[in-house]
Amino acid sequence: QVQLVESGGGQVQAGGSLRLSCKASGGSFMYYRMGWFRQAPGKEREFVATIGATGVTSLYTNSVKSRFTISKDNGKNTVYLQMNSLNPDDTAVYYCAGGSAYYSGESATHYNYWGQGTQVTVSS
């Protein structure tokens, strides 16, 4: 059973940065596509970014392109989300997800494993 544990969330002012981490255990991390999703209060969970099993290819939702960077360290079984130039619209609970490398990773249905989430709050 794969377990994912996120960390690194917190409160930051607009324009600031945070780096989220997601540590995996109990599975073959190097073969998984990993993704980050977020859910703001009263809204549905939305795709943020995904990275392929080898860490070479990545994809982002338009609203975070050029501000967020996803990376994967197979040696540490960890995926990261570096978030720069944060704004209040980025406020949400951020979830890490892992799944088959077969899929594109833009849909929550592409993932089998989910973390518990970490809160990110951006104040203006």
Side-chain angles (χ1 to χ4, degrees):
Q1 182 73 13
V2 175
Q3 292 187 325
L4 302 175
V5 179
E6 301 101 332
S7 61
Q11 186 165 354
V12 64
Q13 288 192 329
S17 298
L18 283 174
R19 188 175 82 153
L20 305 183
S21 300
C22 174
K23 175 78 171 178
S25 61
S28 299
F29 180 79
M30 64 184 295
Y31 297 115
Y32 294 141
R33 166 175 294 283
M34 299 299 294
W36 287 95
F37 288 73
R38 66 186 180 185
Q39 188 166 18
K43 295 186 177 181
E44 294 187 353
R45 188 171 300 191
E46 66 170 350
F47 166 75
V48 176
T50 185
I51 191 164
T54 62
V56 172
T57 59
S58 59
L59 187 67
Y60 301 88
T61 192
N62 286 339
S63 63
V64 309
K65 281 180 182 177
S66 77
R67 299 190 300 121
F68 291 11
T69 302
I70 188 171
S71 60
K72 188 174 188 264
D73 188 335
N74 285 334
K76 295 183 178 180
N77 283 7
T78 302
V79 62
Y80 304 96
L81 186 67
Q82 177 66 44
M83 305 186 295
N84 299 328
S85 301
L86 286 161
N87 61 64
D89 289 339
D90 297 315
T91 295
V93 177
Y94 283 71
Y95 296 91
C96 169
S100 170
Y102 176 79
Y103 298 107
S104 67
E106 296 171 75
S107 169
T109 61
H110 295 170
Y111 298 91
N112 305 103
Y113 309 108
W114 292 85
Q116 82 288 350
T118 185
Q119 177 70 47
V120 171
T121 303
V122 184
S123 56
S124 57

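Everything quoted here is computed from the prediction, not taken from an experiment.
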Is the CD atom of Gln82 crowded by more than 12 outside heavy atoms at less than 6.0 Å?
-> yes
Check the pair Leu81 / Arg38 against side-chain contact (heavy atoms from CB on, under 4.5 Å), numbers first and verdict last.
-> CA-CA 12 Å; Leu81 186 67; Arg38 66 186 180 185; over 6 Å; no
Non-hydrogen side-chain atoms of Cys96 and Trp36 separated by less than 4.5 Å = yes
Should Met83 and Val48 count as side-chain neighbours, where that means a heavy-atom distance under 4.5 Å?
-> no
Would you check if the side chain of Glu6 reaches a backbone N or O of Gln116 as a donor-acceptor pair within less than 3.5 Å?
-> yes
Main-chain N/O of Ser123 paired with Gln13 side-chain donor or acceptor, under 3.5 Å = no
Does Val122 offer a backbone N or O that forms a donor-acceptor pair with the side chain of Thr91 under 3.5 Å?
-> yes
Consider only side-chain heavy atoms of I, L, V, M, F, W and Y, link residues closer than 4.5 Å, and tell whether Leu18 and Tyr95 are in one cluster.
-> no
Same cluster or not: are Tyr80 and Val2 linked, directly or through other Ile, Leu, Val, Met, Phe, Trp or Tyr residues, by side-chain heavy atoms under 4.5 angstrom apart?
-> no
Which pair of heavy atoms, one from Thr78 and one from Ser21, lies closest together, and at what distance?
-> CG2-CB, 4.3 Å
Here the gap from Arg19 atom CZ to Asn84 atom CG, rounded to the nearest 0.5 Å, amounts to 11.5 Å
Could you tell me the separation between the CD atom of Gln1 and the OG atom of Ser25, rounded to the nearest 0.5 Å?
-> 9.5 Å
Hey, does Val79 have a side-chain heavy atom less than 4.5 Å from the side chain of Tyr32?
-> no
Please tell me if the side chains of Phe47 and His110 come closer than 4.5 Å, counting only heavy atoms from C-beta onward.
-> no
Answer with yes or no whether the side chains of Thr50 and Tyr103 bring together a donor and an acceptor at under 3.5 Å.
-> no
When rounded to the nearest 0.5 angstrom, what is the spacing between CD in Gln39 and CD in Glu46?
-> 9.5 Å
Determine the minimum heavy-atom distance between Ala14 and Ser124, stating which atoms define it.
-> CB-CA, 4.3 Å
Quick one: do Tyr111 and Arg33 satisfy side-chain contact (heavy atoms from CB on, under 4.5 Å)? Show the steps, please.
-> CA-CA 8 Å; Tyr111 298 91; Arg33 166 175 294 283; 3.9 Å; yes
Parallel, tilted or perpendicular: rings of Phe68 and Tyr94 (30°, 60°) = tilted
Hey, are the side chains of Met34 and Leu4 touching, using non-hydrogen atoms and a 4.5 Å cut-off?
-> yes
Taking all non-hydrogen atoms of both residues into account, name the closest pair between Ala24 and Phe29 and its distance.
-> CB-CD1, 3.4 Å
Distance in Å, Ile70 CD1 paired with Leu59 CG, rounded so as to fall on 0.5 Å steps = 9.5 Å
Taking the side chain as every heavy atom from C-beta outward, state whether Ser63 and Asp89 have any atom pair closer than 4.5 Å.
-> no
Shortest non-hydrogen separation from Ala108 to Trp114 and the atoms involved | O-CZ2, 3.6 Å
For Ser85 and Ser17, work out which heavy atoms get closest and say how close.
-> N-OG, 4.3 Å
From Ser71 OG over to Asp73 CG, what is the distance, rounded to the nearest 0.5 angstrom?
-> 8.0 Å
Would Asn74 and Lys72 satisfy side-chain contact (heavy atoms from CB on, under 4.5 Å), going step by step from the backbone distance to the final call?
-> CA-CA 6 Å; Asn74 285 334; Lys72 188 174 188 264; 2.6 Å; yes
Note, Arg67 side chain near Asp90 side chain (heavy atom, < 4.5 Å) | yes
